[in-house]
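Each remark here refers to the structure printed beneath this line.
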Amino acid sequence: MTDDVMRFFAAWMLTHEAADEGLKAAVLRGEQGGAEGMTGGPDAFVDGLAAMVAEEKENLKRDLEARARGEEVSIEKQSDPALEDVRFEVAELRGRMDNIEALLESLVRKLGQ
Amino acid sequence: MASRESVIVRVVLKRLVAALPAAGFGLAPATRRRAAWARALRRAFEELGPAFIKLGQLISVRPDEFSDEFVAEMRSMQDAVPALPAEAIRRVIAAEFGAAPEELFASFDNEPLASASIAQVHRATLAMPYRPVWGDTLPAGADVVVKVVRPGAAESIRGDIVVARRLLTRIGATRVGRRVDPVALLDEFGTTVERELDLRTEGRYADRFLYDFRDDPKVVAPRIVWSRSTAKVLTMEFMRGWRLTDIEAAKAAGVDTFALAVHGATAFMRQVFVYGRYHADLHPANLFVTPDNTIAYLDFGIVGYLTPEERMNITQVMAALVYRDPDRALTYSAKLGVDVPADRIEPVRAGLGELLDGTTRADGTRDFAHFGLGFLKLLGEHGIKIPSGYGLLIKSLATVEGVARALYPEIDIVKTAQPFTTRILGRAMGDPARLNERMPLAVRAALRELVA
């Protein structure tokens, strides 16, 4: 959902690429970034965000071109974060089991002593 | 217990009396006086042992609660205590596992690598391969470090906390800081140190850190060997490299310090702004630069946690710094619990504006420490209470800046933060709750534009 918002704005920017001079100027100001470009309070923040959406727009453009060539696009290659989290939870559980096993072995050793 | 109480009182009084000449017998200027008392207390804490050394470390991260002199003095606290004989450490391992170190490891080095108030660290090698929670399997013969809680450390710390609590309750009204409640501070300390005494907490955080940074080959942490770990023993991968205090040697070996400085700083921001859990005890000894140009985070004893809401508000405060926006800083600090009374808003806002404008160094880079610590001081001067955790986070960010600048003096940490804060806030636009709250206003603004 959250990434989609950036993509949504990127798509909007892509379709308005030739038309919106004001937005292009904002992107330019945002890209200049440095100490000088960051002095304008809330407006500078919007410029920074516009530059970031422009970056996302370039990614979207590349993805669309790749898809037209029949290639897999970057957004489709990303693994599902929920699945990754489950992988980690399982691995963490395995670590805990290793730890419990070690504690049980210690207990057995101590009882045997 | 009563004898320990008298030892504590005696040591503190002895140090304070010894500091009388430096304090001009109470007639010296306030700054000099405070510095002398702070130095005396730091020496007393070092003499009183683990509990007080840890308490000093906690004070050193609370510039919101204590005077500058006290915080600076506690920062210089030495947590390097004489090493215990290997036999004492071997006994802890044997008691935990029911086996001698030689039965658990292929080799165990009796010479300690480091010795601090809570734990002592020894080198060893794995007897058999181990598949960690995250990352590649550690092969048999792999170098590891074994961190062992010093015998009696936990009991002595817990005992000292009980005694100190009794003393502080009795003293009650004594002011040791600006607005500090000593008993509350001690309770907070008790919670932190309890977590640190169970080494498994540290191990679990290291695992989580490795997972969080799985897509970043430039940031590493030691892999934990759970089959050789308990609450009092933590076995982890041995990291090769240079401490940041040894950075010249790393440069000589061809390490790209600029890339690592940027990467180290962004890795920390990712912990704060993206995951909401961060290494809260960063100092040059806890960061390694490795020969293959990676940055290794070590020692996850103190970890800060943020709720998603706190994370978002902190990101907003950082965005305020990046884009020099005092109103944004005040709005979101208030959401973090920084309650500025109505009659103080204007002077605080003016002070904040001055701080934001004054954060540029001569070389053009922005000085986060100046802003962050200045902001805490500003709030303190206006008698505004700072919520627990806020000071710790600001101090951690200031430390990261110091660490990054040790690697590469020209780095601008505020500029490094720009993409993070902007992207995260950009993504937050899609949050359903936020959309629900802001959409009516956005639609009205759009309609205004359309009919204009």
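Computed from heavy atoms alone, side chains included, the values below leave out hydrogens, waters and symmetry copies. In what follows, every chain begins at residue 1, and chains take the letters A, B, ... in the order their sequences are listed.
Using a distance-only test at 3.5 Å, with no hydrogens or angles considered, no donor-acceptor pair links the side chain of Y211(B) to the main chain of E89(A). Using modelled atom types, one side-chain atom of K110(A) and one backbone atom of A95(B) make a donor-acceptor pair closer than 3.5 Å.
For L104(B), the part sitting under 4.5 Å from any heavy atom of chain A is the side chain, from C-beta outward, and nothing else. In this structure, the portion of P132(B) lying under 4.5 Å from any heavy atom of chain A is its backbone and not its side chain.
The OG atom of S227(B) lies 13.5 Å from the CD1 atom of I100(A); values are rounded to the nearest 0.5 Å. One distance of note links CZ of F88(A) with CZ of R208(B); it measures 4.5 Å at 0.5 Å rounding.
Within 6.0 Å of CZ in R87(A) there are 12 or fewer heavy atoms belonging to other residues, nucleotides or ligands. Heavy-atom neighbours of E105(A) CD from other residues, nucleotides or ligands within 6.0 Å: above the threshold of 12. Other residues, nucleotides and ligands contribute at most 12 non-hydrogen atoms within 6.0 Å of the CZ atom of R131(B). Counting non-hydrogen atoms of other residues, nucleotides and ligands closer than 6.0 Å to NZ of K232(B) gives a total of 12 or fewer.
Considering every non-hydrogen atom in both N99(A) and S229(B), the closest pair reads ND2-O, 2.6 Å. Nearest heavy-atom pair, R200(B) versus L103(A), reported as atom, atom and distance to 0.1 Å: NH1-CD1, 4.5 Å.
Shown here are the salt bridge (Lys or Arg N to Asp or Glu O under 4.0 Å) partners of R270(B), two or more places apart in sequence or in another chain: D215(B). Under the salt bridge (Lys or Arg N to Asp or Glu O under 4.0 Å) criterion, E96(B) pairs with no residue at all, not counting sequence neighbours.
R214(B) has a carboxylate O that lies under 4.0 Å from a charged side-chain N of E84(A), or vice versa, which qualifies the two as a salt bridge.
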Give the C-alpha distance, both sets of side-chain angles, the deciding distance and a yes or no for side-chain contact (heavy atoms from CB on, under 4.5 Å) between W226(B) and R96(A). CA-CA 7 Å; W226(B) 286 110; R96(A) 290 200 184 211; over 6 Å; no
